[in-house]
Amino acid sequence: MQPQTIYAHPPKLCGKVPIPAMTDDELTRLIRDNSPPPEFPASFQRQVWQRIAAFESKTFGATLEHFAATYLTWLSRPAIAVAVAVTIVVFGAGLGGIASERKNEDALKNAYAASINPFIAAHATEK
Amino acid sequence: MIRGLTIILTGLLIGAGAFFVIKEHDLPHSQHSFAHDGNSRLPELEWLRQKLQLTDKQFEEIAKTHEAYRPTCEALCMKVMASHAKIKKLTSTDRPVTPELEEALKEHALLHVECQKAMLNHLHNTASQMTPEQARTYLEALLPQVIELPLEPDERPHTHQ
């Protein structure tokens, strides 16, 4: 295959020898071999990671994790920990009291119903 | 952070334990406790007094109605017990249904209707001594037990007073 000619009419550069014709592959190799490597500032890599961390911190999971870590660390303080634990226990006991009251109320309602129902009274007597 | 998590879990465990312990054991008697009979000699009526917040006058009237109904209830109770005894006696492992057993079962069914009528009349007599709101609460709580059927919201009783 005939090498592809870069210049149809190679220019005369101040009388110097014109650039010889090259194939595309040869030209690509020439550019790659002679291009200087990019120079990055010293802080470039750190800046990239900071930008990645900033993006990730805005996701829901990261926010939740941050909140949980902050809250649980705050909860480690003795006074606050005791106050929260006592609140939970009192809340549980309160709910238990309400459930017990409701159970008592149901038992008394059933006692009243039994006092006016001959069938229930008969069954109770027969037992 | 681990310590904080441990404290929360411990609090939750103790709270859950307190819930179940208090739920399963009766609360100490208090002024508003349902377990107190209020010296009425009719402890079964304390549910009415507390739940419906009856006045003393209302409670007195309702207690009289309740005591007036007692002989009817006791008589029906005796009939029910006799009917049960008869059915048990006639029930046999040899034959499923004898004519006597069928007759006894029919009597039992009619007795059941008689009891329901007596209870319904008593409920409405009692409700007539309450305010409309109290009566509605009272009947909503007890009618399903008497008719042995649940009541849908649009089937709930309305009172004419």
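The sequence lines fix the lettering, A, B, ..., with proteins before strands; numbering per chain opens at 1. In this text the structure is predicted, and so the values were computed from the model without any measurement.
If you measure heavy-atom distances from A:Phe91 to chain B, you find no contacts under 4.5 Å at all. Residue B:Ala16 does not touch chain A at all, counting heavy-atom pairs closer than 4.5 Å. The contact between B:Leu123 and chain A is made entirely by side chain atoms (from C-beta outward), counting heavy-atom distances below 4.5 Å. Looking at B:His66, only its side chain comes within 4.5 Å of chain A, counting heavy atoms on both sides. Only the side chain of B:Leu142 comes within less than 4.5 Å of a heavy atom in chain A; its backbone stays farther off.
Summarising the geometry of A:Asn110 relative to B:Gln145, their closest heavy-atom pair is OD1-NE2, 3.6 Å, with the distance given to 0.1 Å. Residues B:Leu76 and B:Glu114 approach most closely at CD2-OE2, 3.6 Å, considering heavy atoms.
When A:Ala114, A:Gly94, A:Ala81 are compared by the number of non-hydrogen pairs under 4.5 Å with chain B, A:Ala81 comes out ahead. In terms of non-hydrogen atom pairs under 4.5 Å with chain A, the most contact-rich of B:Gln116, B:His122, B:Met78, B:His84 is B:His84. Counting heavy-atom pairs closer than 4.5 Å to chain B, the top-ranked of the candidates A:Ala107, A:Ala93, A:Ala113 is A:Ala93. By number of non-hydrogen pairs under 4.5 angstrom with chain A, the leading residue of B:Ala141, B:Cys73, B:Ala75 is B:Cys73.
A salt bridge is defined here as a Lys NZ or Arg NE, NH1 or NH2 lying under 4.0 Å from an Asp or Glu carboxylate O, and B:Lys86 with B:Glu100 fails to meet this definition. Using a cutoff of 4.0 Å between basic side-chain nitrogens and carboxylate oxygens, B:Arg70 and B:Glu74 are not scored as salt-bridged. Between B:Arg49 and B:Asp56 there is a salt bridge, since a side-chain N of the basic residue sits under 4.0 Å from a carboxylate O of the acidic one.
Between B:His108 and B:His112, the ring planes are parallel. Angles under 30° get that label, and only those over 60° would be called perpendicular. Using a 30° and 60° split on the angle between ring planes, B:Tyr138 and B:Trp47 fall in the tilted class, from 30° to 60°.
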